[in-house]
Amino acid sequence: MCKECGCELGGGEVKLGGHSHAHGHEHHHHGDHAHGHIPGPVPGPLTLNLSRSLMEKNNRLAERNRGFFRAKRLLVLNVVSSPGSGKTTFIRETAVQLAGKLRLGVIVGDLATDNDAAQLRTAGIPVIQITTGTVCHLDADMVAKAAAQLELDKLDVLVIENVGNLVCPADYDLGEDLRVVLLSTTEGEDKPFKYPPMFHSANVAIVTKSDLAVAAGFNREQALSNLSRVSHHAEVFELSAKTGAGMTGWLDYLAVQRAAVTNQ
Amino acid sequence: MHEVAIMTEAVQMAVETARASGAKRVSALRLRIGQLSGTVPEALQFAWDVVRSGTMAENARLEIESVAPICWCATCQAEFECQDFLNECPRCHNWSGDLRHGRELDIVSVEVN
Ligand SMILES: Nc1nc2c(ncn2[C@@H]2O[C@H](COP(=O)(O)OP(=O)(O)OP(=O)(O)O)[C@@H](O)[C@H]2O)c(=O)[nH]1
Ligand SMILES: [Mg+2]
Ligand SMILES: [Zn+2]
Ligand SMILES: [Zn+2]
């Protein structure tokens with residue numbers, strides 16, 4: 001359990017969804033039709049108690065993904081941010097700099113285009129595109145189907161680029177080991193307070209586009225202080241995917257995380 | 001924003017439950033939705049109208065119980081009412097992000113016949 005705020009997160013493990021409810025749920029028994037397990041036509045209206053989370057199915061599939069990825073000795077990242085914070089650029093740069101050390105594959109979720117996938121493919125990175133259409137997040141099922149199209153045995157790290165959105169992806173566990181949230185210097189320092197579930201659930205927080213910090217009037221102290229309050233489970237890195245400044249710390253961290261997965 | 005996905009799942013669970021019990025249709029669906037769940041009630045209602053059409057729940061009634069956020073203070077070993085994700089305990093002034101309520105996205109029950 002997290003010491004900072006007593007939440008259920010912590011220890012590098014991401015657990016999502018609502019808390020379970022051990023409170024007494026009323027059970028209505030309707031004569032012979034208790035809980036409705038008896039097939040056949042039902043005469044009057046009958047109330048069937050479920051008291052289940054609507055996220056249950058996704059959580060189950062996410063656990064299945066996690067077990068599968070673990071067996072493959074893959075370190076899996078779920079990269080989230082607002083649209084345009086720099087996810088694709090950051091992932092590409094990470095893959096390029098790790099070339100010869102760790103092999104990266106990418107699953108990228110995008111509402112409509114395949115520009116991101118094309119950009120990564122051009123850099124020689126194995127990539128599978130999920131076009132989500134109107135769906136504003138990836139879910140565990142989409143990831144399972146996409147992963148099946150990648151040659152996972154040839155990879156060490158699987159990076160999932162989520163749809164640019166800080167709300168919905170917060171609720172969907174994909175089976176990742178690490179949730180990585182990006183905050184670019186060109187967006188507000190108060191983003192962590194505007195999207196607390198996302199920032200709070202992050203294992204890693206990346207302050208990106210550090211090369212633009214001065215031009216954007218980015219208040220670094222404020223941003224780091226906000227992150228330390230909301231993303232207190234997260235390891236924080238400040239970097240520029242464009243100039244490469246600060247990338248080393250992140251890459252070293254990634255290598256350690258990947259080694260931890262292999263040694264389990 | 002993910003209200004459609006949430007509602008689709010709710011209707012699916014309701015229909016599966018109804019079918020398993022041998023019922024012909026779903027007449028009501030009760031959900032418990034936390035005020036900090038990130039879903040908007042109007043959007044849920046809109047999604048409901050779209051998602052239920054053509055299913056056993058087509059003419060069902062939707063009841064949404066809204067759940068106010070409650071935070072737990074580990075120092076005081078007590079709950080307190082709150083508005084947000086991270087909150088200052090009114091007693092000891094420590095910060096807590098341990099929400100006990102308010103993030104619910106639950107299906108409570110379905111009424112079938
Ligand atoms: N100066 C600078 N620009 C960057 C950096 N990282 C990304 N960008 C630019 O920011 C823009 C958006 O970057 P992307 O990597 O496409 O962002 P994204 O988060 O993948 O965007 P979506 O997938 O659309 O949500 C592009 O024009 C990038 O070149 C950086 O570190 N420094
Ligand atoms: Mg992108
Ligand atoms: Zn916490
Ligand atoms: Zn207290």
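We name chains A, B, ... by the order of the sequence lines, and we start the count at 1 in each one.
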- line: So CD of Glu3(B) and SG of Cys136(A): to nearest 0.5 Å the spacing works out to 8.0 Å
message: With a 4.5 Å cut-off on side-chain heavy atoms, are Pro196(A) and Leu86(B) touching?
response: no
- prompt: Counting only heavy atoms not in Phe46(B), do more than 12 sit closer than 6.0 Å to its CZ atom?
  reply: no
- request: Nearest 0.5 Å please: distance from the CG atom of Leu50(A) over to the CD atom of Glu16(B).
  value: 10.0 Å
Flag side-chain contact, heavy atom, 4.5 Å: Asp106(B) against Leu54(A): no
query: Heavy-atom distance under 4.5 Å to chain A: side chain of Thr75(B), backbone, both or neither?
result: neither
Neighbour count above 12 (heavy atom, 6.0 Å) for Glu58(B) CD: yes
field: Separation between CG of Asn49(A) and CZ of Arg30(B), rounded to the nearest 0.5 Å
entry: 8.5 Å
task: Taking the side chain as every heavy atom from C-beta outward, state whether Val110(B) and Thr47(A) have any atom pair closer than 4.5 Å.
output: no
message: Tell me which pairs pass salt bridge (charged side-chain N to carboxylate O under 4.0 Å, His left out) where either residue lies in residues 35-50 of chain B, with sequence neighbours left out.
response: Asp49(B)-Arg52(B)
- prompt: Can you tell me if CZ on Arg64(A) sees more than 12 non-hydrogen neighbours from other groups inside 6.0 Å?
  reply: no
- request: Count the heavy atoms of every other residue, nucleotide or ligand shown that sit under 6.0 Å from CD of Gln222(A), and state whether that count exceeds 12.
  value: yes
field: Over all atoms of both residues, closest heavy-atom pair of Ala5(B) and His137(A)
entry: CB-CE1, 3.8 Å
task: Supply the atom-to-atom distance Glu9(B) CD to Glu56(A) CD, rounded to the nearest 0.5 angstrom.
output: 8.5 Å
statement: Value for CZ (Arg32(B)) from OG (Ser51(A)), rounded to nearest 0.5 Å, stands at 5.5 Å
- request: Verify side-chain contact (heavy atoms from CB on, under 4.5 Å) between Asp171(A) and His2(B), making sure each step is shown before the conclusion.
  value: CA-CA 9 Å; Asp171(A) 279 330; His2(B) 51 321; 3.0 Å; yes
- prompt: Got a second to check how far Arg52(A)'s CZ is from Ser109(B)'s OG, nearest 0.5 Å?
  reply: 12.5 Å
Min side-chain heavy-atom separation Pro197(A)-Arg103(B) under 4.5 Å: yes
